[in-house]
Amino acid sequence: MRWLAVVAGVAALGVGAQRAAGDPGGRVVGTVKVTEADGKPVAGADVIVYMMGFSEPPSDQVATVAQKGRKFVPDLISITLNERVSFPNNDPFLHNVFSQSPERQFDLGSYTRGEKKERQFPKAGVVDVYCNIHPEMAATIIVVPNRRHTRADPTGHFVLEGVPPGEWKVFAYTRRSTRPTSAQVSVKSGAETTVELSIVRGAELQHLNKYGEKYKEGTQVYKDK
Amino acid sequence: MRTVMAVLLAACLMPRTAAAGRSFYGWLYGTEVMPERGIELQTWVLDESGKYGTSNKETWLWWGPVIGVTDQLELALPIELEWQSSEVDNVVKASFTFRRFGIEARYRFASSDPAEAPSLVPLVRIAAKRDVIVRDRLRVEGDAVVSYDLGALNALVDLGVVADVATSSSHTELRPSGGISLRVSSGLRIGAEAYSELSLDARGESWAAVGPNVAWTHGRFWFSGAFGIGVYHIKTAPRVMWGIAF
């Protein structure tokens with residue numbers, strides 16, 4: 001997954017590509033096919049598709065990654081560079097959300113139901129978020145230097161509107177992606193560009209707690225009531 | 001290009017320390033505070049030797065839990081132990097005692113998140129401690145601390161005041177200090193600091209020391225220390241602190 005951080009970091013330095021007033025830009029449509037490492041197709045995988053190579057200002061919206069049922073919901077989002085993400089705790093017990101990703105390190109401390117904390121993301125890249133108390137909780141925030149990012153529908157179909165004309169790269173990402181998935185696209189104003197992408201999904205990566213240690217034995221298993 | 005990518009990848013995958021360090025200084029109070037509901041056990045050991053040209057020595061032990069109440073406010077519940085040694089007519093007298101206990105609060109006037117905090121961060125510390133030996137004596141401590149972050153370099157000024165209040169007599173002293181700390185790796189910092197205690201009455205002593213400091217963090221453990229070399233009415237004043245987070 002770290003390769004994405006490098007790619008995104010470099011892309012963050014990309015040019016500012018603004019559409020002229022009244023120019024609707026181009027449209028990039030396509031499908032993302034997700035398979036397991038053994039080739040079996042994965043139905044309904046959560047996939048984020050995003051463009052790289054140009055920058056756009058962020059919106060005012062605040063994305064949400066909630067903590068619910070000892071899971072992050074959703075566990076994969078994309079935001080525009082410098083946008084904020086809210087982390088509400090909807091569980092009746094404590095969570096300690098943190099990230100040690102080089103693009104954004106933070107420790108929200110422990111907080112309980114009804115409380116929420118926010119963080120801004122001033123660097124493009126892939127930010128892995130975990131809970132220091134519950135090792136089974138993992139989420140990924142993709143920070144993109146432009147607003148051309150979306151979630152594919154359950155069939156893998158996606159549409160990116162208003163893409164500035166030019167030669168860009170379109171990326172697709174699902175949690176547990178094992179290698180880069182991207183395609184070069186040539187976008188023209190008022191035209192539609194079609195692209196097909198496929199992702200091979202691997203096993204969930206093991207992670208360490210916020211102190212860089214393995215989680216204690218016995219905390220790995222989620223025991224539902 | 002492949003080599004560069006491999007180095008970048010390796011750097012990204014290297015284990016990292018959890019934080020840059022709870023305190024960068026030995027004698028000075030920093031502006032870092034615990035995250036909400038974080039708990040840490042801290043220990044401080046400080047020496048003061050050779051005040052006013054004597055061979056007197058003092059060693060203090062500060063020990064206690066520190067609790068993050070919010071992301072900007074932390075509370076500490078310290079106990080202080082004191083060992084003293086003095087020599088009169090070639091006779092050495094030494095004592096070791098439980099000296100004080102109390103509570104202290106530290107409030108940081110900025111986000112605790114390094115990415116969102118401004119370069120200039122103020123912090124206020126207030127402590128109240130009961131003297132175990134002189135039963136009616138209350139020690140009140142206050143510090144106004146300002147740190148300025150310039151990337152790898154951190155500069156800090158700490159203006160402290162201590163007042164011992166008792167029915168029989170009182171004592172007040174100022175504790176102005178300042179220092180710099182430079183990050184040399186993700187877990188290691190080095191720098192220098194100056195610290196002084198200036199009595200405002202005849203009951204106390206005044207002294208000042210200057211020296212190098214070092215701070216090191218690894219996972220849930222951190223250490224910082226300074227070796228104060230006396231420049232006014234003291235020979236040496238080393239101090240070390242360490243903490244372990246839970």
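The sequence lines fix the lettering, A, B, ..., with proteins before strands; numbering per chain opens at 1.
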Residue part contacting chain B, namely of A:L94, when any heavy atom lies under 4.5 Å: side chain

Segment of A:N132 engaging chain B (4.5 angstrom heavy-atom cut-off): neither

More than 12 heavy atoms of other groups within 6.0 Å of A:K116 NZ: no

Segment of A:Q120 engaging chain B (4.5 angstrom heavy-atom cut-off): both

Reported OG-to-CD distance for the pair B:S186 and A:Q105, which is rounded to 0.5 angstrom: 8.5 Å

Rounded distance [0.5 Å steps], OH in A:Y211 versus CD1 in B:I244: 9.0 Å

Part of A:T112 within contact of chain B (heavy atom distance under 4.5 Å): both

B:D113 and A:E118, any side-chain heavy atoms less than 4.5 Å apart: no

Chain B contact via A:E115 - which portion, at a heavy-atom distance below 4.5 Å: side chain

Side chain B:E36, main chain A:Y111, donor-acceptor under 3.5 Å: no

Structural part of A:R104 lying under 4.5 Å from a heavy atom of chain B: side chain

Contact summary for B:P35 and A:G109, nearest pair of heavy atoms: CB-CA, 3.7 Å

Exceeds 12 heavy-atom contacts within 6.0 angstrom, atom CG of A:D38: yes

